[in-house]
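First comes the structure, then the notes that go with it.
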Protein chains: 2
Amino acid sequence: MSQTEQDLRVLRLLQGQPDITQRQMASELGISLGGLNYCLRALVEKGWVKMDNFSGNPNKLKYAYLLTPNGVRAKTRLTAHFLKQKLAEYEALKGEIERLKTEVAQPRGSK
Amino acid sequence: MSQTEQDLRVLRLLQGQPDITQRQMASELGISLGGLNYCLRALVEKGWVKMDNFSGNPNKLKYAYLLTPNGVRAKTRLTAHFLKQKLAEYEALKGEIERLKTEVAQPRGSK
DNA sequence: CTAGCCTGTTCAGCGACTGAACAATGACAT
DNA sequence: ATGTCATTGTTCAGTCGCTGAACAGGCTAG
């Protein structure tokens with residue numbers, strides 16, 4: 001999976017559910033905790049996600065992961081980008097599948 | 001891309017064109033020369049591909065990359081495997097595309 | 001106060017590469 | 001023969017996106 005696609009999946013998850021633990025995110029996306037932390041850090045670095053202390057207590061470990069305005073814009077842009085890309089993929093798969101069917105039906109070297 | 005899919009792409013390339021340079025292969029597959037060499041080495045290690053000196057001269061650098069009998073069997077098996085997987089991917093993409101269309105049409109936070 | 005649980009953080013290691021340098025060979029011109 | 005050059009495969013340090021495991025800080029129940 002490409003990094004930008006992973007980004008979009010995280011953004012989608014957070015927009016619907018800002019108060020979610022990193023472990024829940026990781027499980028939802030099917031990756032490890034360390035891996036998710038790595039992705040999330042990159043999103044914060046890009047300014048797309050902000051980690052806010054939950055309920056205003058400065059010493060709590062639990063965070064809310066909020067999309068910044070730039071994050072919302074990025075999500076819209078990425079969504080459009082992947083819609084386009086996935087439509088192309090879809091068409092490409094048709095051809096790929098036909099080719100595979102042919103090869104399975106008539107393997108070279110068969111008698 | 002998964003390693004096994006990359007394997008299949010290399011096998012397909014070689015079955016059609018055993019006398020091809022590593023640079024041509026890399027270019028065809030859209031990866032670097034070092035990367036292709038890495039993949040190819042793994043295929044030789046698995047016994048799916050044999051590197052033969054071209055034209056019987058033991059000191060030539062140019063090789064022919066031949067599929068072994070096991071290589072041919074592996075290619076058939078992988079082809080069937082990916083046919084099945086890609087049909088599933090195809091179905092999954094339909095849903096994914098519909099979801100993306102909805103999000104593009106009705107972005108959250110729009111007035 | 002202590003034990004246990006839930007948080008996020010960190011880090012060594014790994015797989016699949018990239019990019020660049022390198023080395024061996026053959027062909028060609030001088 | 002000798003020097004140059006293009007063409008080949010090989011090697012290696014470094015990067016990226018992770019995994020799995022250990023770690024540390026804070027809350028809650030007993």
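All chains are named by letter (A, B, ...) in the order of the sequence lines, taking the proteins before the strands, and each is independently numbered beginning at 1.
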* Structure fact -> the helix from C:dC1-D:dG30 to C:dT30-D:dA1: angle between terminal helix axes, five bp per end, to the nearest 10 degrees, reads 10°
* **Interatomic distance, A:Lys62 NZ vs C:dT9 P [rounded to whole Å]** => 13 Å
* Asked: Does B:Gln6 place a side-chain N or O at less than 4.0 Å from the phosphate oxygens OP1/OP2 of C:dA16?
  -> no
Please tabulate the protein-to-nucleotide N/O contacts below 3.5 Å involving nucleotides 11-14 of chain D, giving atom names and distances.
| residue | atom | partner | partner atom | Å |
| --- | --- | --- | --- | --- |
| D:dT11 | OP2 | B:Arg41 | NH2 | 2.9 |

* Structure fact -> Rounded to whole Å, OH of A:Tyr63 lies from P of C:dG8 at a distance of 9 Å
* Touch class at under 4.0 angstrom, heavy-atom based, for B:Ser32 against every strand present -> base
* For C:dG15, does OP1 or OP2 lie under 4.0 Å from any side-chain N or O of B:Gln3? -> no
* Structure fact -> B:Leu43 atom CG is separated from C:dG15 atom P, nearest whole Å, by 16 Å
* Asked: Would you call A:Arg12 and A:Glu28 a salt bridge, using N to O less than 4.0 angstrom?
  -> no
* Structure fact -> Comparing nearest nucleotides in DNA chain C, the 5'-proximal residue of the pair B:Arg23, B:Gly35 is B:Gly35
* B:Lys86 NZ: over 12 foreign heavy atoms closer than 6.0 Å -> yes
* Structure fact -> note: A:Leu40, atom CG; D:dC18, atom P; distance rounded to Å ~ 13 Å
* Asked: Atom CZ of A:Arg9 to atom C1' of D:dC18: distance rounded to whole Å?
  -> 14 Å
* Asked: When you measure from the side chain of A:Thr79 to the backbone N and O of A:Lys75, does any donor-acceptor pair fall under 3.5 Å?
  -> yes
* Could you check how far CG of A:Leu36 sits from P of C:dG8, rounded to whole Å? => 9 Å
* Decide whether A:Val10 and A:Leu66 are clustered together by the hydrophobic rule: side chain heavy atoms of Ile, Leu, Val, Met, Phe, Trp, Tyr closer than 4.5 Å, transitively. => no
* B:Lys84, NZ atom: more than 12 neighbouring heavy atoms under 6.0 Å -> no
* Establish, with yes or no, whether the OP1 or OP2 oxygen of C:dC6 is under 4.0 angstrom from a side-chain nitrogen or oxygen of A:Gln24. => no
* Report the distance from atom CD of A:Gln22 to atom C1' of D:dG25, rounded to the nearest whole Å. => 14 Å
* Asked: How many angstroms lie between atom NE2 of B:His81 and atom CD of B:Glu5, to the nearest 0.5 angstrom?
  -> 8.5 Å
Give the table of side-chain donor-acceptor pairs shorter than 3.5 Å for residues 30-45 of chain A, with sequence neighbours excluded, one pair per line with atom names and distance.
| residue | atom | partner | partner atom | Å |
| --- | --- | --- | --- | --- |
| A:Ser32 | OG | A:Gly35 | N | 3.0 |
| A:Asn37 | ND2 | A:Gln22 | OE1 | 2.8 |

* How far does CG of B:Asp52 sit from OH of B:Tyr65, to the nearest 0.5 angstrom? -> 11.0 Å
* To do: Drop me the distance from A:Phe82's CZ to A:Leu8's CG, to the nearest 0.5 angstrom.
  => 6.5 Å
* **Interatomic distance where CG belongs to A:Asp7 and P belongs to D:dC16 [whole Å]** => 14 Å
